[in-house]
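Notes follow once the structure below has been shown.
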Amino acid sequence: MQLPPALHSRLVGAPGAAEPLPVERDPAAGAPPFHFAARRVRFPRDHEFFEDGDVQRHLYLQDVLTQVTGAPERPRVPEFTCQVAGCCQVFDSLEDYEHHYHTLHRNVCSFCRRAFPSVHLLDIHILEWHDSLFQILSERQDMYQCLVEGCTEKFKTSKDRKDHLVRRHLYPADFRFDKPKKSRGPATPVATVRVSAEALGADGEQSGGDGMEVCSEHAAPLPEPVGERWIYSHRIPSTICFGQGASRGFKSTKKRKEHQ
Amino acid sequence: MWSGRQGRLRPVGCVVEELRCRRREREAALRKARREQQLVSKRLLRDDVLEEVEGGCVAKILGEAEIQQFLRLAQRGTEEKERERALVSLRRGLQHPETQQTFIWLEGSIRTLVGLLTSSQALLQLEAARCLHELSHSEQSAVAEACLPATSYLLTYLSGHSSDFIELCLYTLGNLIVESEAVRRQLLPQGIVPALAACIQSPHLTVLEALGYALSQLLQAKEAPEMIIPSVLGSILPQHILRLLQPGPKLNLGVAVEFAWCLHYIICSQVNNALLIYHGGLSTLGLLLLDMAAAVQRTEDAGLELLACPVLRCLSNLLTEAAVEVGGGPNQLDDERVVAALFILLQFFLQKQPSLLPEGLWLLNNLTANSSSFCTSLLSMDLIEPLLQLLPVSNVVLTVLCNVAEKGPAYCQHLWPGPLLPCLMGMLASSDTEGVGQSLELLQLLFLYRPEVSFGPGTPVLRPLVSPWPLSFPSYLQSLLWAWQAYVDSRSEIPASCWEGTLLNRGGLTCKAVGIKCWVTGTQVLSPFLSCPQAVEAFLQQSGLQVLEKHQEEAQLQDRVHALQKTALHR
């Protein structure tokens, strides 16, 4: 198919079009037995006309054997350790480290050091677990928000919210990121329960089902702060202690030793 | 930007012919599936590098005991590396359909896998997700549907930050989505549309491509126009889809292909195409077309046909929207470079993907049908001759020419004389009824608008045409007879005796006698057609009788046909 050479330069030229020629139709055009009428044609999705292209599309989908990481190959690097305080995980590839970091260190609650899969769930956790104002307000109005992004429903209790998740959003009844907050006790049992559950691998479920979190075995768990004397925000680094849970530093050393 | 992701098909130790054969078989199967509305294709993500590292040997089928052992180790092993290895072995075994079947029927297996998917151990999580991905890819519904308990978690993880993991979850979800309506009936209330919308602002190309894939599978569903597309259009997705299709240094072919297909399914549903036009859909697609043509010119066109197909369809269908008819402004496509780009692409298709030529010509029809501007562009950019070269491919070429001719004498003046006439004559002699019909429509328009061109000795001489006249439309037979009659009338200087013996002379007279209106008035137009009288005579004589025979059974023509035959046989 021969194209005029000027076409290629027209393509890179300025946008626009030449002045159109005058249109002058004769009513006899298209009179019977002739019936031509210029018209734009639309094809619905399942039309036969699209068969060839659709088949090519699906062949493409089936044929593709892509690398998980895309064009560059997954580089192996010399072993290195995670630099987050308290974590001693070792890696030999950046992608593995990236996933580890995002899973365990990215959306971490600085009150209780629990990690969450997303900012959204972390925010809800902080609100419901560490905000005393929330407790007060929730007695008067519906404060427990639905976990599904895009759903604006709120509920009086955590249980109501769970019922909603199960019935409306078809979530599993044991959805791991919606465990109700347990009543507060001394810090130690929380840590111990977690560790022992880990060792036993309780009934097929990964340990750390205690509360709405992705459990971080390597991070030192903080004791539950006493709500009424809450005066600081969650952005304060964990290394600063205001005198509560004085056994924390000691406990974390012990934990590290256990895991080495 | 067009040179990324080339050579996706990687045959290992296969003969080329065997490959082609398999491809043809698969094509035939896909065509059949499409006709039966069962077209389901899933994407499998397997890391070749990982396979190499793991020893590259073929994974074997796992039995119940082995699966249980791996699961136990993964769940309760003391050594982290040991747990990972167990899951890796399981994942490799799950590449086999037999292992998959054994796995899903094993009590507690899915529950354990889901537990590992939510593990605090990041790498266990990743391996568990890979296992699920293998299951999701299965052609067996039972296997894919066994993954359902994991979907709420897969969706939750889409709001995370680990791009590899999100990519894997997206492909898994995409495979599950296309599996069955039952699966979608669970995913929709679980919030899949908002979850996907949350991903579209990711900066990672791999995530975007996976998102496009999952979304395209969702939009392809039978129930999509009612149940899915309205909420998709109500989200931030439309403007971001268009953003990802904008040409420029950031355009990625793999990503663009997926979202172009998404757009195609949305546009076909006609739920709210005005919204897409409002967001600049027409101009984005037009610019993308220009960009693709420029890529062809730079010969950076690997895989371009994968993007061209959905883009052509989107543009063509969008052009039929009422919102486009109202002229002027950003709702219109009026840049003639689009026509230039289209022709460059048509040439590209001719070499690389001929099956796309009809779709390209369809777009050309939609561009020229109601647009005097684009019709003028066709003429001013000298595109009629290249267009005629595509006549063997599709009759839409004739429709486009009719779009030009019907605009009046100013347009017909540029169509005749030229290469148009011999092509038309060739067409008239073919056995393609539809093509012949279109040719006569075009001829009628050309005769009507009477271009004032004199026919000298330089005009093309008609090729001797001896193939039988294949018409099945009686009106066209009449028309031709009348054209001939008019010619005869016009050549009054030729004595009547010279016409003796030409059947159609008599046929024409008979038709006139029955009172059919003559439509040809400009007989001088016929003279190049008839510049070689002997050839014409042969054509008309040979065709005439055969034509009449063909139409003997035609109710409308029967009487006249018999009369003509009688005349012919008894002359």
Evaluate ring-ring contact (aromatic ring centres under 6.0 Å, His included) for A:Tyr60 paired with B:Trp261, printing each intermediate quantity in order. CA-CA 13 Å; A:Tyr60 165 73; B:Trp261 281 100; 9.4 Å; no
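- Ring geometry for A:His100 against A:His105 counts as perpendicular: the plane angle is over 60°, on a 0 to 90° scale with 30° as the lower cut.
- Proximity to chain B involves both the backbone and the side chain of A:Arg42, based on heavy atoms less than 4.5 angstrom apart.
- The residue among A:Leu21, A:Leu170, A:Asp52 with the most heavy atom pairs within less than 4.5 Å of chain B is A:Leu21.
- In terms of heavy-atom pairs under 4.5 angstrom with chain B, the leader among A:Ala18, A:Pro44, A:Gly13, A:Gly53 is A:Gly53.
- The closest donor-acceptor contact from the side chain of A:Gln2 to the backbone of B:Pro386 lies at 3.5 Å or more, if one exists at all.
- Between chain A and the options B:Phe343, B:Tyr153, B:Phe165, the largest number of non-hydrogen pairs under 4.5 Å is found for B:Tyr153.
- Side-chain contact annotation: B:Arg313 with B:Tyr265, donor-acceptor N/O pair under 3.5 Å absent.
- Note: A:Gly16 leads A:Gly16, A:Cys151, A:Gly150 in heavy-atom pairs under 4.5 Å with chain B.
- Side chains of A:Gln89 and A:Thr81: a donor-acceptor N/O pair is absent below 3.5 angstrom, by distance only.
- Annotation: maximal heavy-atom pairing with chain A below 4.5 Å, among B:Gln297, B:His264, B:Gln186, occurs at B:Gln297.
- Residue B:Thr399 touches chain A through both its backbone and its side chain, counting heavy-atom pairs closer than 4.5 Å.
- Between A:Glu153 and the options A:Arg161, A:Arg167, A:Arg168, a salt bridge (Lys or Arg N to Asp or Glu O under 4.0 Å) holds for only A:Arg168.
- Chain A forms the most heavy-atom pairs under 4.5 Å with one residue out of B:Ser269, B:Gly191, B:Cys375, B:Ser163, and that residue is B:Ser163.
- Within the 4.5 angstrom heavy-atom criterion, only side-chain atoms of A:His102, from C-beta onward, approach chain B.
- B:Gln217 and B:Gln220 form a side-chain donor-acceptor contact under 3.5 Å, judged by distance and modelled atom types alone.
- No part of A:His120 comes within reach of chain B, as not one of its non-hydrogen atoms sits under 4.5 angstrom from that chain.
- No side-chain donor-acceptor contact under 3.5 Å links A:Tyr101 to the backbone of B:Ser162.
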Would you check, one step at a time, whether the test side chain to side chain contact (heavy atoms under 4.5 Å, CB included) holds for B:Leu30 with B:Ser41? CA-CA 9 Å; B:Leu30 287 175; B:Ser41 291; 4.0 Å; yes
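- In this structure, the portion of A:Val148 lying under 4.5 Å from any heavy atom of chain B is its side chain and not its backbone.
- Each of A:Glu19, A:Arg39, A:Glu48 has some count of heavy-atom pairs under 4.5 Å with chain B, and the biggest count is that of A:Arg39.
- At a 4.5 Å heavy-atom cutoff, the contact between B:Leu390 and chain A is made by side-chain atoms alone.
- The candidate with the highest count of non-hydrogen atom pairs below 4.5 Å against chain A, out of B:Met381, B:Gln270, B:Glu385, B:Lys42, is B:Gln270.
- Side-chain N/O atoms of B:Thr118 and B:Gln125 include no donor and acceptor closer than 3.5 Å.
- Between chain B and the options A:His47, A:His99, A:Glu24, heavy-atom pairs under 4.5 Å are most frequent for A:His99.
- Annotation: maximal heavy-atom pairing with chain B below 4.5 Å, among A:Pro15, A:Pro20, A:Ala17, A:Ala38, occurs at A:Pro15.
- Within the 4.5 angstrom heavy-atom criterion, atoms from both the backbone and the side chain of B:Ala341 approach chain A.
- Using a 4.5 Å cut-off between heavy atoms, B:Leu350 touches chain A through its side chain atoms alone.
- No part of B:Leu312 comes within reach of chain A, as not one of its non-hydrogen atoms sits under 4.5 angstrom from that chain.
- Counting heavy-atom pairs under 4.5 Å between each of B:Ile344, B:Val114, B:Leu290 and chain A puts B:Ile344 at the top.
- For chain B, the nearby parts of A:Arg45 are the backbone and the side chain; heavy atoms of each come within less than 4.5 Å.
- In this structure, the portions of B:Gln190 lying under 4.5 Å from any heavy atom of chain A include both its backbone and its side chain.
- Side chains of B:Ser119 and B:Gln121: no donor on one and acceptor on the other come within 3.5 Å.
- Note on B:Gly408, B:Ala293, B:Cys268, B:Pro310: by heavy-atom pairs under 4.5 Å with chain A, the leading option is B:Cys268.
- Without hydrogens or angle criteria, A:Glu79 side chain to A:Phe91 main chain gives no donor-acceptor distance under 3.5 Å.
- Neither the backbone nor the side chain of A:Ala37 comes within contact range of chain B; no heavy atom of the residue lies under 4.5 Å from a heavy atom of that chain.
- At distances below 3.5 Å, at least one donor-acceptor pair connects side-chain atoms of B:Asn366 with backbone N or O atoms of B:Ser316.
- Residue A:Ala6: no heavy atom, backbone or side chain, is found under 4.5 Å from chain B.
- Using a 4.5 Å cut-off between heavy atoms, B:Glu336 touches chain A through backbone and side chain atoms alike.
- For a residue to count as touching a neighbouring chain, one of its non-hydrogen atoms must lie under 4.5 Å from one of that chain's; by this rule B:Arg31 touches chain A with backbone and side chain alike.
- With a 4.5 Å cut-off on non-hydrogen atoms, B:Leu379 touches chain A through its side chain but not through its backbone.
- B:Asn403 and B:Thr368 are linked by a side-chain donor-acceptor pair at a separation below 3.5 angstrom, with hydrogens and angles left out of the test.
- Only the side chain of B:Ser216 comes within less than 4.5 Å of a heavy atom of chain A; its backbone N, CA, C and O stay farther away.
- Proximity of a side-chain donor or acceptor of B:Tyr171 to a complementary backbone N or O of B:Leu44 within less than 3.5 Å is not detected.
- Under the 3.5 Å distance criterion, with hydrogens and angles disregarded, no donor-acceptor pair is assigned to the side chains of B:Ser355 and A:Gln56.
- Here A:Phe177 and A:Phe116 keep their ring centres 6.0 angstrom or further from each other.
- For B:Cys402, the parts lying under 4.5 angstrom from a heavy atom of chain A are both the backbone and the side chain.
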